[in-house]
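Everything numeric in this text was worked out from a predicted model, so none of it was measured. The figures here come from the full heavy-atom set of this structure, side chains too, leaving out hydrogens, waters and symmetry mates.
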Amino acid sequence: MTGTPNQIELAEQIRPLVDAEFSRVARAFSETAERQSGQDRLDTLAIVKILEIKRGEVLAGDQAGLFIRDWRELHDQVRQMISSDPGYMTIKAQREERRAAMVSQ
């Protein structure tokens, strides 16, 4: 990791909290998938995969200052990352299309 010694130390303290937040969100999606069936379940499991990719990208970050800036305060960063992912947007659009088709039947 690059940065000042103080930045690196702080980033290393934040990193496990960020990992735990990703785990919390992944667990919530996984629990939801367990109650679903069919395409909804497959979609939710695909979102979990997207989440794991994002986790890897975030935790691989090597700039302590950016890590501190972006993750020092945990709010809804994980949700924002997922909702702005092109794969997630495709899944969401397809779900909406399926629901609209079911309503119009």
By salt bridge (charged side-chain N to carboxylate O under 4.0 Å, His left out) - contacts of D19 (at least two apart): R55
I8: which other cluster members, linking ILVMFWY side chains closer than 4.5 Å, directly or transitively? M1
side-chain contact (heavy atoms from CB on, under 4.5 Å) partners of S104, counting only residues at least two apart: none
Could you list the residues that satisfy salt bridge (charged side-chain N to carboxylate O under 4.0 Å, His left out) with D43, not counting sequence neighbours? R95, R98
Residues that R69 engages under salt bridge (charged side-chain N to carboxylate O under 4.0 Å, His left out), provided they are two or more places apart: none
Would you list the pairs meeting ring-ring contact (aromatic ring centres under 6.0 Å, His included) in which at least one residue belongs to residues 34-54, sequence neighbours left out? none
Could you list all the ring-ring contact (aromatic ring centres under 6.0 Å, His included) pairs where at least one residue sits in residues 11-56, not counting sequence neighbours? F22-W71
Check: Q94 main-chain N/O paired with E97 side-chain donor or acceptor under 3.5 Å: no
Please tell me if the side chains of D62 and F67 come closer than 4.5 Å, counting only heavy atoms from C-beta onward. no
If you define the side chain from C-beta out and look only at heavy atoms, does anything of M81 sit under 4.5 Å from I50? no
What is the distance from atom CD1 of I47 to atom CD1 of I91, rounded to the nearest 0.5 Å? 5.0 Å
Minimal heavy-atom distance between G3 and A64, with the atoms involved, is CA-CB, 4.5 Å
Pairs involving residues 83-105, ordered by first then second residue, that meet ring-ring contact (aromatic ring centres under 6.0 Å, His included) (sequence neighbours left out): none
Is it possible for you to say whether I14 and L74 belong to one hydrophobic cluster, with membership spreading through side-chain heavy-atom contacts below 4.5 Å? yes
L10 reachable from L59 in the ILVMFWY side-chain graph, under 4.5 Å edges: yes
What pairs with E73 under side-chain contact (heavy atoms from CB on, under 4.5 Å), at least two apart in sequence or on another chain? H75
What residues, two or more places apart in sequence or in another chain, satisfy salt bridge (charged side-chain N to carboxylate O under 4.0 Å, His left out) together with R79? D76
Determine, for E12 against R15, whether the closest basic-nitrogen to carboxylate-oxygen distance falls under 4.0 angstrom. yes
With sequence neighbours excluded, residues passing side-chain contact (heavy atoms from CB on, under 4.5 Å) with E57: I53, K54
Same apolar cluster: L51 and L45, side chain cutoff 4.5 Å: no
For R41 and R35, indicate whether the former's side chain and the latter's backbone hold a donor-acceptor pair under 3.5 Å. no
Restricting to non-hydrogen atoms, name the atom on S84 and the atom on M89 that form the minimum distance, rounded to 0.1 Å. O-CE, 3.1 Å
If two hydrophobic side chains count as joined below 4.5 Å and joins carry through other members, does L42 share a cluster with I82? no
For Q77, which residues count as a side chain to side chain donor-acceptor pair (under 3.5 Å) partner, sequence neighbours excluded? none
Any side-chain donor-acceptor pair under 3.5 Å between T44 and Q36? yes
